[in-house]
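Inspection log for the structure reproduced underneath, given as C-alpha cells.
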Amino acid sequence: MEYNFISLLFLSLCFSCSIQTDNEETYKSTLLQIQAKDKNYEDITSDTIIFAVKDYYSGKKDFPNAALAAFYCGRLLQEQNNLEKATTAYLEAKKYADHINDDNLKGLIQGNLGILYYYQFVTEKAIENGKEAAVLYHKAKNYKNEISSFLLVGNCFLLKNENDSAFYYYNKGLRLADYYKLQTEQVYIRQSIGVVYQRKGNYIKAKDFLHEAFAFSADSIEKARLLMNIANVYNLENQIDSAKFYIEKSLAIQAKEP
C-alpha cells in the first residue's frame with residue numbers, strides 16, 4: 001500500500017505525539033512513585049532516574065512538576081547524606097516553585113533547607129528557613145508540618161543556648177499540637193520543653209513535661225527513652241533511688257521488645 005506525502009506526514013506527526021505522550025506518562029508515573037515511596041519512608045537512594053525526570057520537566061518549563069522533581073532530587077541526595085548537593089537541589093526546586101502557587105511544596109522546600117542548615121550548624125539560615133516554612137505550612141493548613149518547623153526553630157535556638165527563644169517557638173508548636181491533638185508532635189514538643197527546663201536547672205518543670213510526654217507516647221521505645229530522660233533529671237537532683245527506679249522501668253520496657 002502506498003501513502004501520499006500528506007498521509008505520511010500525518011502518520012509521522014501521530015507517531016511523534018504518541019512517543020511524547022508515552023514519555024510524559026512515564027516521567028509522571030516515575031515522579032509519583034518516588035513521591036509515594038518517600039512518603040511511606042521507603043528507601044529512594046537508588047531512584048536516580050529522578051534527575052532525568054527533573055531535567056525533562058525543567059526543559060519543558062513545566063514548573064509545578066519541575067519543582068516537585070527537583071525537591072525529590074534533594075530528598076534523594078539528603079538520604080545519601082550528600083548535604084551540599086542536596087542543598088543545591090532544594091535551591092533549584094525553590095527557583096521553580098517561585099513560579100507556582102503551591103504553599104505546601106514551598107514549605108517542604110524551605111523546611112528541608114532548614115534541616116540541612118541545622119545539620120551543618122548554619123543556625124541563622126536554618127532559623128530563617130524554618131520560620132518561612134512555618135508561614136507557608138500555615139497557609140497550606142498543614143499544621144503538623146508547621147509544628148515541625150517551630151520545633152526546628154526552637155532546636156536552633158537551643159543549640160545557640162538562647163533558651164527563652166527556644167521556649168517561645170516550642171510553645172507555639174505546643175499550642176498547635178494540643179489544639180489539633182497531634183499525638184506524635186505532643187510528645188516531641190513536651191520532651192523538648194523538658195530538656196530546656198533541665199538546662200535551666202528547673203528540674204520540677206523538666207520532670208513535669210517529660211512525664212506528660214510519656215503519657216502521650218504510644219511507642220514503647222520512645223517511652224523507654226523518656227524514662228531514661230526522667231532518670232537523668234533525678235540523677236542531676238542527686239535523687240539516686242528515684243533515678244534507679246526509672247532506669248529499671250526503662251530497661252523493663254526494652255526487655256519486652258523483640
Side-chain angles (χ1 to χ4, degrees), residues 41 111-112 114-124 126-131 133-134 137-138 142-257:
Y41 305 102
N112 278 271
I115 291 169
L116 290 186
Y117 287 132
Y118 176 76
Y119 287 156
Q120 297 171 84
F121 301 102
V122 188
T123 51
E124 292 303 325
I127 290 169
E128 180 182 338
N129 287 117
K131 288 180 179 180
Y137 285 136
H138 186 79
N142 186 341
Y143 303 116
K144 184 174 182 177
N145 281 10
E146 184 182 0
I147 294 164
S148 296
S149 298
F150 288 138
L151 187 62
L152 170 65
V153 175
N155 289 346
C156 289
F157 281 116
L158 195 63
L159 197 63
K160 294 170 57 149
N161 292 314
E162 296 182 21
N163 295 334
D164 289 341
S165 294
F167 266 131
Y168 175 77
Y169 285 97
Y170 287 151
N171 281 313
K172 283 173 75 75
L174 182 62
R175 286 192 292 272
L176 279 176
D178 285 347
Y179 183 82
Y180 290 104
K181 294 180 172 57
L182 298 168
Q183 187 175 10
T184 300
E185 286 68 30
Q186 287 175 313
V187 174
Y188 289 156
I189 293 284
R190 281 175 167 80
Q191 183 176 1
S192 297
I193 293 174
V195 169
V196 180
Y197 275 122
Q198 178 182 317
R199 283 193 175 192
K200 291 170 72 71
N202 190 335
Y203 298 134
I204 293 175
K205 280 284 191 181
K207 287 182 293 185
D208 285 345
F209 275 93
L210 290 172
H211 277 294
E212 285 183 22
F214 180 85
F216 278 107
S217 177
D219 181 83
S220 57
I221 297 299
E222 189 172 60
K223 281 179 175 289
R225 186 176 64 249
L226 286 163
L227 288 170
M228 291 297 286
N229 289 342
I230 293 169
N232 184 54
V233 178
Y234 276 112
N235 186 57
L236 291 170
E237 293 180 300
N238 204 30
Q239 296 188 41
I240 305 304
D241 288 342
S242 295
K244 287 174 63 177
F245 172 77
Y246 284 99
I247 290 171
E248 288 170 1
K249 285 188 69 173
S250 175
L251 293 175
I253 291 176
Q254 294 178 59
K256 292 179 182 178
E257 288 298 306

Hey, does L159 have a side-chain heavy atom less than 4.5 Å from the side chain of Y118?
-> yes
Over all atoms of both residues, closest heavy-atom pair of [X] and [Y]:
X: S149; Y: A133; result: OG-CB, 3.5 Å
X: I189; Y: L174; result: CG2-CB, 3.5 Å
X: A218; Y: Q183; result: CB-NE2, 3.8 Å
X: C156; Y: A126; result: SG-CB, 3.5 Å
X: S192; Y: Y170; result: CB-CZ, 3.6 Å

Answer yes or no: is there a donor N or O on one side and an acceptor on the other, between the side chain of Q191 and the main chain of V187, under 3.5 Å?
-> no
Distance-only, no hydrogens or angles: does the R199 side chain make a donor-acceptor pair with backbone N or O of L158 under 3.5 Å?
-> yes
Mind checking the [atom1]-[atom2] spacing from [X] to [Y]? Nearest 0.5 Å is all I need.
X: E248; Y: L251; atom1: CD; atom2: CG; answer: 7.5 Å
X: H138; Y: F150; atom1: NE2; atom2: CZ; answer: 8.5 Å
X: D164; Y: F157; atom1: CG; atom2: CZ; answer: 11.0 Å
X: L152; Y: N145; atom1: CG; atom2: CG; answer: 11.5 Å
X: F216; Y: E185; atom1: CZ; atom2: CD; answer: 12.0 Å
X: I221; Y: Q254; atom1: CD1; atom2: CD; answer: 6.5 Å

What do you reckon, is CD1 of I204 surrounded by more than 12 foreign heavy atoms closer than 6.0 Å?
-> no
Answer yes or no: does atom NZ of K160 have more than 12 heavy-atom neighbours from other residues, nucleotides or ligands under 6.0 Å?
-> yes
Verify whether the ring centers belonging to H211 and Y246 lie closer than 6.0 Å.
-> yes
Does any pair with a residue in residues 172-205 pass ring pair (Phe, Tyr, Trp, His ring centres under 6.0 Å), and if so which ones, sequence neighbours excluded?
-> Y143-Y180, F167-Y197, Y197-F209
Can you give me every donor-acceptor pair (side chain of residues 223-237, partner residue at least two apart or in another chain, under 3.5 Å) with its distance?
unit_1 : atom_1 : unit_2 : atom_2 : d
K223   : NZ     : F214   : O      : 3.0
K223   : NZ     : S217   : O      : 3.1
E237   : OE1    : K207   : NZ     : 2.8
E237   : OE1    : Q239   : NE2    : 3.4
E237   : OE2    : K207   : NZ     : 3.4

